[in-house]
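By convention in this document, chain letters (A, B, ...) are assigned in the order of the sequence lines, proteins followed by strands, and residues within each chain are numbered from 1.
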Amino acid sequence: AQKITQTQPGMFVQEKEAVTLDCTYDTSDQSYGLFWYKQPSSGEMIFLIYQGSYDEQNATEGRYSLNFQKARKSANLVISASQLGDSAMYFCAMRVYNQGGKLIFGQGTELSVKP
Amino acid sequence: DVKVTQSSRYLVKRTGEKVFLECVQDMDHENMFWYRQDPGLGLRLIYFSYDVKMKEKGDIPEGYSVSREKKERFSLILESASTNQTSMYLCASTDTDTEAFFGQGTRLTVV
């Protein structure tokens, strides 16, 4: 069975500092994709970054980077230079392509950025 | 612009009622998903569909069913609503190579 685990229910970070949000996953499939989403208090789901299981380089999108360690089955999100607007829930997700494209999410991490 | 629309933002239903939650996407996506979101539990997959009339159970299908008669529409049905189905329900759609796009969510309260 597939599973996504986010072990940090809540985190604090000082403005302008970097922060790492942890995500581990479990699947026996070789073909999968890993995603991070942001959910501000307004409730919308905002896509941040994607990493394919066959991608050799870590994905980056602006201030977001995904630290992909395949052997450890981890896909941590790194946010550099945190901003007040980064305060939100963050969800890690995995898509398993050999199972009809099933997309599952972790429990989420609530990030609070302090001024 | 990409759009996933859920029929209601807020719903209040009585215990035992049959409840329909509708989701429509305008992106011609093959895949559609229904989740419920509860504090501390994240998004849990109820059902998903990878083609018209095709459906697969997610992790928590009990008490729910789905219908996908047309590609753009994916309906979630609560056959007999119960108070433990009070939650935020999120619909999403995606193609094989894209991220998922979400609707605005339906906050369902069962009294």
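A distance of 11.5 Å separates CZ of A:F91 from OH of B:Y35, quoted to the nearest 0.5 Å. Taken to the nearest 0.5 Å, the CG atom of A:L103 stands 9.0 Å off from the CG atom of B:L43. Taking OH of B:Y50 as the reference point, atom NZ of A:K102 lies at 13.0 Å (rounded to 0.5 Å).
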- [ ] Could you walk me through whether A:F35 and B:E99 pass side chain to side chain contact (heavy atoms under 4.5 Å, CB included), step by step?
- [x] CA-CA 8 Å; A:F35 301 80; B:E99 71 272 24; 4.1 Å; yes
Task: B:N31 vs A:R95, side chain to side chain contact (heavy atoms under 4.5 Å, CB included): CA-CA, chis, key distance, verdict - done: CA-CA 11 Å; B:N31 303 278; A:R95 185 122 189 253; 3.1 Å; yes
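There is a path of hydrophobic side-chain contacts, each under 4.5 Å, that joins B:M88 to A:Y90. Under a hydrophobic clustering in which Ile, Leu, Val, Met, Phe, Trp and Tyr are joined whenever their side-chain heavy atoms come within less than 4.5 Å, directly or via other members, A:L21 and A:L84 fall into the same cluster. Under the 4.5 Å side-chain heavy-atom criterion for ILVMFWY residues, no single connected hydrophobic cluster contains both B:W34 and B:F48. Cluster membership for A:Y50 and B:F101, using ILVMFWY side-chain heavy atoms within less than 4.5 angstrom, is not shared. Under the 4.5 Å side-chain contact rule for hydrophobic residues, B:L108 and B:I60 share a cluster.
Heavy-atom distances place the side chain of A:F47, and not its backbone, under 4.5 Å from chain B.
Among residues 55-78 of chain A, no residue has any heavy atom closer than 4.5 Å to a heavy atom of chain B.
Atom CZ of B:R107 is surrounded by 12 or fewer heavy atoms from other residues, nucleotides or ligands within 6.0 Å.
A donor-acceptor pair is defined here as one N or O able to donate and one able to accept, closer than 3.5 Å; such a pair exists between the side chain of A:Y37 and the backbone of B:A100.
Here the closest heavy-atom approach between residue B:L45 and residue A:I104 is recorded as CD2-CG2, 4.3 Å.
Between A:K3 and B:D59 no salt bridge is recorded (no basic side-chain N to carboxylate O distance below 4.0 Å).
Of the listed residues (B:Q37, B:E56, B:E30), the one with the most heavy-atom contacts under 4.5 Å to chain A is B:Q37. Most heavy-atom pairs under 4.5 Å with chain B: of the set A:Q39, A:E44, A:M89, this distinction falls to A:Q39.
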